[in-house]
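Protein chains get the first letters and strands the later ones, always in sequence-line order, with residue 1 at the start of each. Atom set for the values below is all heavy atoms of this structure, side chains included, hydrogens, waters and symmetry mates excluded.
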Amino acid sequence: MARLDPQALVTHLDRLYRVAWALCGSREEAEDLVQETAARVLARPRQLRGQDELAYLVRALRNTFLLSRRTASRRPREVATLEQAEPVDVRASGGLGPEAAVEARELFAAIAALPDDFRLALVAVDVAGLSYQEAASLLDTREATIASRLYRARERVARTLTPAPGGGEGNAAPRSLR
Amino acid sequence: MKVDHDEMTPDEPYPVPEAMRALDDVVAPDSLRLAIAEQVAGAGRTQERHRRRLRLRLGGALAGAA
């Protein structure tokens, strides 16, 4: 049976970090979550059981997130807002300036503000890059439910990132398209 | 594909918001990259200890059965 190569954590680190940030809504918490997940995963050899490495790691990350949230449930929950959004590291080689960094952190805030079910579906498919089938397995639901939640999650994110009515551009384009 | 009757879902998937492409450019900070690299490097030793314990346990069980 295939084992998880520990190097997969390094290979998929950027994606795991994005998933963690989208789940937590906080950059610092995302770093802690990735490190905690790595510690748990690396504590002993892991069997992939038919999953690919990324799906395995996203599942571990999500489980660690839920565990940490339960543990911290007595503390007041911090919800990220656009005002609290933090600076974001972007690839210098990508030619992205401050505007792209602002877009990214607004996006994380919008994702973090989604209801749990919608957020987990969107994170699994659009942030982690899992298939509908993998996302359904991860979230223990049906592919049709993933499609439904994903539809609503994307719709809400697009709406959040679109300025209030009055711009006269209907319901489609997020701000970054303009 | 089965229709999810729990929620009314349009037939066509909602397109991925264009703004979400910005996510691809977000990378892990160097501090996290370094920390994970150290954890992975240490994992070899941790997992070797784990395997050694399993071998000892298995050896003990086999010796007990003989």
Quick one: pull up [atom1] in [X] and [atom2] in [Y] and give me the separation to the nearest 0.5 Å.
X: B:Asp25; Y: A:Arg18; atom1: CG; atom2: CZ; result: 8.0 Å
X: A:Leu161; Y: B:Met20; atom1: CG; atom2: CE; result: 9.5 Å
X: B:Leu32; Y: A:Leu16; atom1: CG; atom2: CG; result: 9.5 Å
X: B:Leu23; Y: A:Asp126; atom1: CG; atom2: CG; result: 8.5 Å

Side-chain donor-acceptor pairs under 3.5 Å in residues 31-39 of chain A, sequence neighbours left out?
{"residue": "A:Thr37", "atom": "OG1", "partner": "A:Leu33", "partner atom": "O", "Å": "2.7"}

| Segment of A:Leu122 engaging chain B (4.5 angstrom heavy-atom cut-off) | side chain
| said: Given heavy-atom pairs under 4.5 angstrom as the criterion, report whether the side chain, backbone, both or neither of A:Ile111 touches chain B. | reply: side chain
Same cluster (ILVMFWY, side-chain, under 4.5 Å), [X] and [Y]:
X: A:Val10; Y: B:Leu34; answer: no
X: A:Leu66; Y: A:Ile146; answer: yes
X: A:Leu67; Y: A:Val19; answer: no

| said: Once salt bridge (charged side-chain N to carboxylate O under 4.0 Å, His left out) is applied, what residue pairs with a partner in residues 57-66 of chain B remain, sequence neighbours excluded? | reply: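 Of all non-adjacent pairs touching residues 57-66 of chain B, none passes salt bridge (charged side-chain N to carboxylate O under 4.0 Å, His left out).
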| request: For B:Arg33 and A:Asp14, run side chain to side chain contact (heavy atoms under 4.5 Å, CB included): C-alpha distance rounded to whole Å, both residues' side-chain angles, the deciding distance at 0.1 Å, then the answer. | output: CA-CA 9 Å; B:Arg33 201 172 298 282; A:Asp14 290 331; 2.7 Å; yes
| Under 4.5 Å from any heavy atom of chain A - which part of B:Arg21 |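 Neither part.
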